[in-house]
Amino acid sequence: MKKYLVDLFSKASEKLPYLKEIDYVLSVPNQKSHGDYAINAAMILSKKLKRNPREIATEIIENLEFDKAVIEKVEIAGPGFINFYFTSSYIPSIIKEILEKNEKFGRSKKYAGKKAMVEFISANPTGPLTVGHGRNAVIGDTVANLLEWIGYDVDREYYFNNAGRQMRVLGDSVRLRYLELLGKETTFPEDYYQGEYIKEIAAKLINEHGDKLINEDAEGIFKQTAEKEIFADIIKTMSAIGIKMKNFFNEHTLYDDGKITSLLEEFKKKNLSYEKEDAIWLKLTELGNEQDKVIVKSTGEPTYRLPDIAYHITKFERGYDLMIDLFGSDHNATYPDVLAGLRALGYDYEKVKVLIHQFVTIMQKGEVVKMSTRKANYITLDELVEEVGADVVRYFFNMRSITSHLNFDLELAKKQSDENPVFYLQYAHARIASILRMVKEQGLDSSLEHLELLTQPVEQDLLKKFFEFPNEVLLSAENYEVHRIAIYLEELAALFHRFYTECRIIGSEKNLAEARISLSIATQTILRNGLSILGVTAPERM
RNA sequence: GCGCCCAUAGCUCAAUCGGAUAGAGCAUCAGCCUUCUAAGCUGAGGGUUAGUGGUUCGAGUCCACUUGGGCGUACCA
């Protein structure tokens, strides 16, 4: 429907050039009495042309060459909206398109040939993934799915750092637990990693090596084993919620390749850095940021900024047209430095899109749980998946705008898992599957012959909803708004449940029954496609 | 202090780049299964969109200020 109108208007703009000069919006009115689609062009033009909007609207309508078999009526309403009403015989034609495209319905080729990378999770291997990482993981994977749906060739990448102070402390934490388990006298510092998993790794080392390691230092086998074990755990957790990375990028390789050194020299050569108090500073103030920042400490070790910039350069070198970085809000101060660095070196930093999602607040027994890997005060993503299942976890993190703080009451999530909206969607899908099994036994089949019989209000509402799906996918993907899909699917499922209650298939006249079967299949197809974007399963039975 | 994000029904959240009468779920109340899955459907109650001012045909949405919250503001990542 929308496409039909867009074509109509672009044709009309040949005769009315002023239509080309404005960004009008075609939208579905939230009031049924305002038609199937409305356009605000006349109101926008009114200011520009200094004419009465209703008068302009009349002129526009006179120049629209529409087919009476498609559009039933056009009217001017309110302050100057033009409302379009489609014919009830045109609307069901969407079913043919859905059945034909099947699992491809909703996909587009708008960005075909472009390469995108989504970098997400990127947690250093110092402990298990927490619920906080879960939000990042799910959103990142879904954004990647969405980009694939609009034509991008997408890579998923995990960036990590297995060097530095954090990791030294990790290794030493394991070492101390190891000694402790062997009955040695030790004191375990408060700011070391307190989690149980450290003890498990230490126990594993005792199993394999007995007490032969008591004189090893923290940086060796302790750190390496810790990293290996923790990563294995992280990958297991990711796969439990259906996430598969194409690539794990180790920060350390940037040093080995000499990329850090050459970047440092380039900054120097371009006079973008200077030395002060034995450290090297980047002239960020000259690049428009608040203050200069250290890129190499007085100890000679780079800060995270240098490798981060070098890392992004590798993304450019790998030829991505779009680079998504997904961070939690605790990183919101770091990315402007990286972007400024890239800009200074002449990279098209607008290809880098930084998404910041707000935190997940965990409520337990009515209190906020402060999450900290160091203090072992966290709920792991694994525990969450075990409690409520992967589908609920994926849906939960996908159903809300990333800018909103997420309030997660654990008790409530467990208790109400049966009432979670994800079941509402899955139930609609399973219900259709069940209907299809049933009608088959009755010897009925789907048919496109008499779609014009779908005239009930709820049938028409459902059909109109179908039209919106491709555009909804496009908008969600271009704006990185995963939650729009969830909301759309809930509305679609609600319409189907209403249809199910009001209209029967078995027992209806044959032509009508077969048209309704087609309607059901089309609904099921969109539900399945939408759920697959969100990474949620579409069950045949519940 | 400064920067980013947020404030919408009792609770958790929506609201199509500024659109027409602000919507869902949960919770509460009242109904609907001898025929395709009741994890469903129908109806009711519930709102000064935190506050004040501004911009315009039109503001939950944009701007300014105020209040209240989250995250930052490192020679940690």
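Chain letters run A, B, ... following the sequence lines, proteins first and then strands; every chain starts at 1.
With salt bridges taken as basic N to acidic carboxylate O contacts below 4.0 Å, none links A:Lys315 and A:Glu157. A:Glu514 and A:Lys510 are joined by a salt bridge, as a carboxylate oxygen and a charged side-chain nitrogen come within less than 4.0 angstrom of each other.
Judged by distance alone with a 3.5 Å cut-off, no donor-acceptor contact links the side chain of A:Asp330 to the base of B:G72. Judged by distance alone with a 3.5 Å cut-off, a donor-acceptor contact links the side chain of A:Ser298 to the base of B:C75. Between the base of B:A20 and the side chain of A:Asn83 there is a donor-acceptor pair shorter than 3.5 Å.
Taking atom P on both B:U42 and B:C26, the two are 12 Å apart, rounded to the nearest angstrom. Rounded to the nearest Å, the gap between the P atom of B:C62 and that of B:A38 is 43 Å. Using P as the reference atom, B:A14 and B:G53 are 28 Å apart when rounded to the nearest Å. Atom name P, nucleotides B:G1 and B:G19: the rounded distance is 34 Å, in whole Å. Using C1' as the reference atom, B:A9 and B:A15 are 14 Å apart when rounded to the nearest Å. With both ends at atom P, the span from B:G10 to B:U28 equals 16 Å, rounded to whole Å.
In this structure, the nucleotide among B:C75, B:C36, B:A15 sitting nearest to the side chain of A:Val294 is B:C75.
Residue A:Asn332 is in base contact, counting any heavy-atom pair closer than 4.0 Å across all strands shown. Note on A:Ile487: only backbone sugar-phosphate atoms sit closer than 4.0 angstrom, heavy atoms only; bases stay farther off. Counting non-hydrogen atoms under 4.0 angstrom, A:Ser434 reaches a base of the nucleic acid. Heavy atoms of A:Ala428 sit nowhere under 4.0 angstrom from any nucleic acid atom. Contacts of A:Glu468 with the nucleic acid, taken as non-hydrogen atoms under 4.0 Å apart, are absent. Residue contacts for A:Met438: at a heavy-atom cut-off of 4.0 Å it reaches the sugar-phosphate backbone alone, with no base atom in range. In this structure, A:Glu481 reaches neither bases nor backbone, as no heavy-atom distance under 4.0 Å exists between it and the strands shown. Using a 4.0 Å heavy-atom cutoff across all strands shown, A:Asn52 reaches no nucleic acid atom at all. Within the 4.0 angstrom heavy-atom criterion, only backbone atoms of the sugar-phosphate kind lie near A:Leu406; the bases stay farther away.
Under the Watson-Crick or G-U wobble criterion, with both distances below 3.5 Å, B:A24 is paired with B:U12. Using Watson-Crick or G-U wobble geometry with both donor-acceptor distances under 3.5 Å, B:U55 finds no partner in any strand shown. With both pairing distances under 3.5 Å, B:C71 is matched to B:G3 as a Watson-Crick or G-U wobble pair. Nucleotide B:G46: unpaired (no Watson-Crick or G-U wobble partner with both distances less than 3.5 Å). The partner of B:C41, taking Watson-Crick or G-U wobble pairs whose two distances both stay under 3.5 Å, is B:G31.
Residue A:Val25 is the one, among A:Val25 and A:Val439, whose nearest nucleotide of RNA chain B lies closer to the 5' end (criterion: closest heavy atom). With the nearest nucleotide of RNA chain B identified for both A:Asn161 and A:Glu491, A:Glu491 has the one nearer the 5' end.
Dashed line: the shortest gap from a side-chain N or O of A:Tyr500 to OP1 or OP2 of B:A38 is under 4.0 Å. For A:Arg498, a side-chain nitrogen or oxygen approaches OP1 or OP2 of B:U42 to under 4.0 Å.
Here A:His331 does not pack flat against the base of B:G72, since the 5.5 angstrom centre distance and 30 degree tilt limits are not both met. With its ring centre under 5.5 Å from that of the base six-membered ring and a plane angle below 30°, A:Phe81 counts as stacked on B:A20.
Rounded to the nearest 0.5 angstrom, A:Arg54 CZ and A:Ile82 CD1 are separated by 10.5 Å.
Checked against the 6.0 Å centroid threshold, A:His497 and A:Tyr500 do not count as a close aromatic pair.
Of the residues A:Ile485, A:Val482, A:Asn471, the one that meets the side-chain contact (heavy atoms from CB on, under 4.5 Å) test with A:Ser476 is A:Ile485.
Under the 4.5 Å side-chain criterion, counting only non-hydrogen atoms from C-beta, A:Leu147 is not in contact with A:Tyr111.
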